[in-house]
Enquirer: 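First the structure, then my questions, so here it is.
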Amino acid sequence: MADVAKKYAKALFDVSIDKDRLDLMYEELQEVSHATLNYIDDLKAIDSNPNQPASERRKFAGIVFGDANYYLKNMLMILANNRHLALIHSIFKEFKHLYDHHYNQGDALVESVYQLNEEELSRIERVILNKTKLSKVHITTKINPNLIGGFRAKVGTTVLDGSIKNDLEQIERKFKRVN
C-alpha cells in the first residue's frame, strides 16, 4: 500500500505545483492527516465494508472534508471511491517527503542529556545545515540521559553523534583493535 500512497501523494504534489498552491496543500493535508490519525481503524472499516456503496463513501468524505480546497477534496473523493481513505496519513507522509525535498529542508531529532538553550540549539542547527547541505531544518529535542554528555542529531538517515557515549565507544573499539 506504500506504493499506492506514493502515487496519490505525487499526483497531489504535482497538481499543487502546477496550480501554485503547494504551501496551502501542505497545510490542509497536514490538518486532515492529524485530524484522522486516531480514526484509522474507523476509516479502514469504511473502506472494507462491502455493504457501503461508493456513493455513500463519497458522501461521507464530502461531509467530513467539505471545507478542504478543491484539489484536496477531489483526491479525498477518489480515495473514498477506491476504498483508500485509511491511506490519508501515509499519503501525507509521502507528500511531506516531496514537500521537504522541494524546499531542501528536513526534520532533525536532537538528543541531549539536558534541555538545550536557544544558543546551543542555534549552534547545533548550523552544524546540521553545514553537514547535510539543507537550507532549513526543523528541530525536535529529546532528553536522553544515556548519552552522558554532548548531543546526537538524526536527520533522515544521517546521524551526527557528538555524544560522550559515542566518544567512549570509539575509544573502546580502538583499544580492542590494539589487543
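For clarity, every value in this text was computed on a predicted model and none was experimentally measured.
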Enquirer: In the structure I gave you, are the side-chain heavy atoms of Phe65 and Leu79 within less than 4.5 Å of one another anywhere?
Expert: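 Side chain of Phe65 against side chain of Leu79, heavy atoms only: no contact under 4.5 Å found.
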Enquirer: Linking I/L/V/M/F/W/Y whenever any side-chain heavy atoms sit under 4.5 Å apart, do Tyr39 and Met77 land together?
Expert: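 No; tracing contacts between hydrophobic side chains, which count when under 4.5 Å, never links both residues.
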Enquirer: Is the NE2 atom of His101 crowded by more than 12 outside heavy atoms at less than 6.0 Å?
Expert: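 At most 12 heavy atoms, drawn from other residues, nucleotides or ligands, come within 6.0 Å of this atom.
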Enquirer: So, for Val137 and Ala108, which heavy atoms are closest and what is the spacing to 0.1 Å?
Expert: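 Minimum heavy-atom separation between Val137 and Ala108: CG2-CB, 3.6 Å.
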Enquirer: Donor-acceptor check, side chain of Arg152 to backbone of Leu109, threshold 3.5 angstrom: yes or no?
Expert: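 Pair absent, no side-chain N/O of Arg152 close to backbone of Leu109.
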Enquirer: Taking Leu98 as the starting point, is it possible to reach Tyr103 by hopping between hydrophobic residues whose side chains are less than 4.5 Å apart?
Expert: yes
Enquirer: Within a reach of under 6.0 Å around CG of Asp20, are more than 12 heavy atoms found that belong to other residues, nucleotides or ligands?
Expert: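 Check fails, neighbour count at 12 or below.
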Enquirer: Is the backbone of Ala86 close enough, under 3.5 Å, to the side chain of Asp47 for a donor and an acceptor to pair up by distance?
Expert: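 Side chain of Asp47 to backbone of Ala86: a pair is present.
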Enquirer: Whether the Gln30 and Tyr99 side chains hold a donor-acceptor pair (N or O, under 3.5 Å, no angle test) is what I'd like checked.
Expert: no
Enquirer: Would you please test Phe13 and His102 for side chain to side chain contact (heavy atoms under 4.5 Å, CB included) and show each step?
Expert: CA-CA 10 Å; Phe13 182 82; His102 178 78; 3.8 Å; yes
Enquirer: Just checking Arg21: does its CZ atom have more than 12 heavy atoms from other residues, nucleotides or ligands closer to it than 6.0 angstrom?
Expert: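 No, the 6.0 Å shell around CZ holds no more than 12 heavy atoms from other groups.
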Enquirer: Strictly distance-based, threshold 3.5 Å: is any side-chain N or O of Asn104 a donor or acceptor partner for the main-chain N or O of Lys133?
Expert: yes
Enquirer: According to a hydrophobic-cluster definition based on side-chain heavy atoms being under 4.5 Å apart (Ile, Leu, Val, Met, Phe, Trp, Tyr only), do Val110 and Val159 belong together?
Expert: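 Hydrophobic grouping puts Val110 apart from Val159.
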Enquirer: Quick check for you: to the nearest 0.5 Å, what is the distance between Ile91 atom CD1 and Phe95 atom CZ?
Expert: 11.0 Å
Enquirer: Between Ser16 and Leu12, is there a donor-acceptor pair closer than 3.5 Å when you use the side chain of the first and the backbone of the second?
Expert: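 A pair under 3.5 Å: yes.
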Enquirer: So, do Asp100 and Gln105 sit near enough that their side-chain heavy atoms are less than 4.5 Å apart?
Expert: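 The answer is yes; the side chains approach within 4.5 Å.
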Enquirer: Check this for me: does any side-chain nitrogen of one of Lys10 and Asp14 sit under 4.0 Å from a carboxylate oxygen of the other?
Expert: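 Judged by the 4.0 Å cut-off on N to carboxylate O distance, Lys10 and Asp14 do form a salt bridge.
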Enquirer: Between Glu56 (side chain only) and Pro53 (backbone N and O only), is there a donor and an acceptor less than 3.5 Å apart?
Expert: no
Enquirer: Check whether Glu28 reaches the backbone of Leu72 with its side chain - one donor and one acceptor, N or O, closer than 3.5 Å.
Expert: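 Not confirmed, Glu28 side chain does not pair with Leu72 backbone.
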Enquirer: State, without any angle test, whether Asp18 and Tyr71 hold a side-chain donor-acceptor pair at a distance under 3.5 Å.
Expert: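 Checked: Asp18/Tyr71 side chains show no N/O donor-acceptor pair below 3.5 Å.
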